[in-house]
Amino acid sequence: MTAVTTPWRERARRLAGELADEGVLRSPEWRDAIETVPRHVFVPRFHTQRPDGRWSETGTGSPEWLDQVYRNQPLITALASTPRGNQVTVSSSTKPGLMIRMLEALRIEDTHRVLEIGTGTGYNAGLLAHRLGDDQVCSVDIAADLVAAARTRLHELDLHPTLTVAHGGAGLPDEAPFDRIIATCSVSAIPSSWVEQVRDGGLILADLKRTVHAGNLVLLTRHGDRLEGRFLPRWAGFMAMRESDEAPPDLSVDVTVEVGDRSTTGLPPHPWDSLIPWLLAHSRLPSRLTFGYRGTGAHRWAVFTANDGSWCAVAVNSSGGRREVRQYGDVRIWDEFEKAHEQWQNLDEPGWDRFGLTVAADGSHRIWLDDPGGTRSWPLAPTRQ
Ligand SMILES: C[S@@+](CC[C@H](N)C(=O)[O-])C[C@H]1O[C@@H](n2cnc3c(N)ncnc32)[C@H](O)[C@@H]1O
């Protein structure tokens, strides 16, 4: 076992205490896991983005490393370069409070077999294997180097869950069925393989995100060939599932703000200010929108693009409470968002705790308010998954 010294144990106990005080950590089993499995073994270094956009690395040699590792914060652990040379994050150690919130929500019992999608550093697989034993935990990641590093760290701690390099969208058929599936990367639709590989009555906890932050963690129960459940009350976001172990492509849609149709809006331009309306808007929007910024200063635009070439740009700065909007192409992205926002306001702005999701046997996804059989529901446009 790696240097198991008093300083990290005290820090791990303090972290567990903070999570318990917050009401996130409730069960003695997960408290024991947080206090016993050393996060620092899984995060020998992490990356921080500086205000000028560049990244710096903090590692074992740095005086603040151990303190940072035992804070309740996510830590970025892997970067990759896009074709245009931008550095993007491809793996991280999830915020411990979020990890525990998910493990508690899954109501895991000692006999359960669990599949994790997104091994990353291996820390969460370590928490699971400590609690359940090696034979009951499987974890997959698309990145071979991450899986190899996670395996080495787990073995140092005498933990031996089944780790596999695989596209998590296919699950892990050879090890199915599972009592629980937990995904630590987001998906735009729940893959049918997960429905097949969780036992009837079993639970799937995943981050369902259409684009631009539109979505949240959802806890689904398998009922025969369909899934149903509610979104968790607090919003959280994971990095998106990748199709291969490469950096995601750069934005490719050509946006010339001057050619778009003009209007104005009173709504905020950033998707994270209106998460639920953006999700509801996806019943009429293509599944894959991208979001980014163009321009600087007074000419800075928040830009949403669809893969058919349609886009909208919303001025970041407002004048008299209104912002300029430009829209281009067949998909009127901002108009659809405004309609969904108005509908949500007319419903008295319900929070995530009132929304749920049904995934039907044919794979179609439907968001509903309060009651799966009620009148308020929003089918999501199909995706490729
Ligand atoms: C937030 S990190 C996971 C954190 C991890 N659970 C931990 O405890 O360190 C998300 C991970 O999802 C992985 N991932 C992305 N796309 C994937 C895919 N298609 N299949 C499996 N894993 C994928 C990434 O490589 C990344 O390591």
Side-chain angles (χ1 to χ4, degrees), residues 42-43 46-47 74-80 82 88-103 105-106 114-128 137-150 161-172 178 180-195 197-198 203-220 227 231-232 235-249 272 275 279 287-291 357 359 365 383-385:
F42 297 91
V43 189
F46 60 87
H47 307 276
L75 295 168
I76 291 165
T77 49
L79 299 170
T82 66
V88 292
T89 63
V90 290
S91 194
S92 62
S93 172
T94 307
K95 184 176 174 178
L98 173 55
M99 219 62 262
I100 290 296
R101 195 150 66 83
M102 293 172 77
L103 294 171
L106 274 166
V114 179
L115 170 64
E116 178 192 36
I117 311 292
T119 310
T121 64
Y123 178 54
N124 190 47
L127 297 175
L128 283 162
V137 180
C138 299
S139 180
V140 304
D141 202 293
I142 200 153
D145 56 339
L146 296 180
V147 171
T162 301
L163 299 191
T164 307
V165 180
H167 190 312
L172 196 58
F178 298 98
R180 302 287 186 262
I181 296 180
I182 177 171
T184 60
C185 51
S186 72
V187 288
S188 56
I190 306 295
S192 57
S193 64
W194 298 1
V195 188
Q197 292 172 31
V198 76
L203 300 179
I204 296 175
L205 179 50
D207 184 18
L208 179 80
K209 286 270 168 9
R210 291 289 162 138
T211 41
V212 293
H213 303 248
N216 191 9
L217 299 177
V218 65
L219 181 62
L220 300 162
L227 298 173
F231 288 91
L232 297 195
W235 186 85
F238 279 92
M239 54 187 63
M241 181 176 262
R242 295 179 280 152
E243 287 310 308
S244 69
D245 183 15
E246 282 170 10
W272 46 87
L275 295 165
L279 177 59
S287 64
R288 294 197 185 271
L289 291 187
T290 55
F291 171 72
L357 173 73
V359 181
H365 286 46
T383 68
R384 284 186 294 116
Q385 270 179 13

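These numbers come from the heavy atoms of this one structure, side chains and all, not from hydrogens, waters or symmetry mates. Numbering of residues begins at 1 and proceeds along the displayed sequence.
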**Item:** Residues Leu219, Leu106; criterion side-chain contact (heavy atoms from CB on, under 4.5 Å); working and verdict
**Value:** CA-CA 8 Å; Leu219 181 62; Leu106 274 166; 4.0 Å; yes
**Asked** What do the steps show when you test Arg210 against Leu279 for side-chain contact (heavy atoms from CB on, under 4.5 Å), and what is the final call?
**Response** CA-CA 7 Å; Arg210 291 289 162 138; Leu279 177 59; 4.1 Å; yes
**side-chain contact (heavy atoms from CB on, under 4.5 Å) between Val218 and Phe231, intermediate numbers included** = CA-CA 4 Å; Val218 65; Phe231 288 91; 3.8 Å; yes
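Ring pair Phe42/Tyr123 is tilted by interplanar angle, where 30° to 60° counts as tilted.
Within the model, atoms OG of Ser193 and CG of Leu115 stand 9.0 Å from one another, a figure rounded to the nearest 0.5 Å. The CG atom of Leu163 lies 9.0 Å from the SG atom of Cys138; values are rounded to the nearest 0.5 Å. Interatomic distance, CE of Met239 versus OG1 of Thr89, reported as 4.0 Å (0.5 Å rounding). To the nearest 0.5 Å, atoms CG (Leu146) and OG (Ser91) are separated by 4.5 Å. Taking NE2 of His213 as the reference point, atom CG of Leu275 lies at 7.5 Å (rounded to 0.5 Å). Interatomic distance, Ile100 CD1 to Thr94 OG1, rounded to the nearest 0.5 Å: 11.5 Å.
The two atoms that bring Arg242 and Asp245 nearest to each other are NH1-OD1, 3.2 Å, heavy atoms only. Here the closest non-hydrogen pair linking Ala236 and Asp207 is O-OD1, 3.8 Å. Across all non-hydrogen atoms, the minimal contact from Gly168 to Met241 is C-CE, 3.7 Å. When all heavy atoms are compared, the tightest approach of Ser139 to Gly118 is OG-C, 4.4 Å. What you find for Leu220 and Leu357 is that their closest heavy atoms are CD2-O, 3.7 Å. Between Ala144 and Val165, the shortest heavy-atom contact is CA-CG2, 3.8 Å.
The side chain to side chain contact (heavy atoms under 4.5 Å, CB included) test applied to Met102 returns Leu98, Met99, Ile182, Leu205, Leu217, Phe238, not counting sequence neighbours.
In this structure, the side chains of Asn124 and Leu103 come closer than 4.5 Å at one or more pairs of heavy atoms. Contact annotation: the side chain of Trp194 never approaches that of Leu227 to less than 4.5 Å [non-hydrogen atoms, C-beta and beyond].
Looking only at distances, a side-chain donor or acceptor of Asp141 sits under 3.5 Å from a matching main-chain atom of Gly120. Side chain of Thr164 to backbone of Val140: no donor-acceptor contact under 3.5 angstrom is found. The backbone N or O of Ala189 lies less than 3.5 Å from no partner atom in the side chain of His365, so there is not a single donor-acceptor pair. For the pair Gln197 (side chain) and Phe178 (backbone), a donor-acceptor distance under 3.5 Å is absent.
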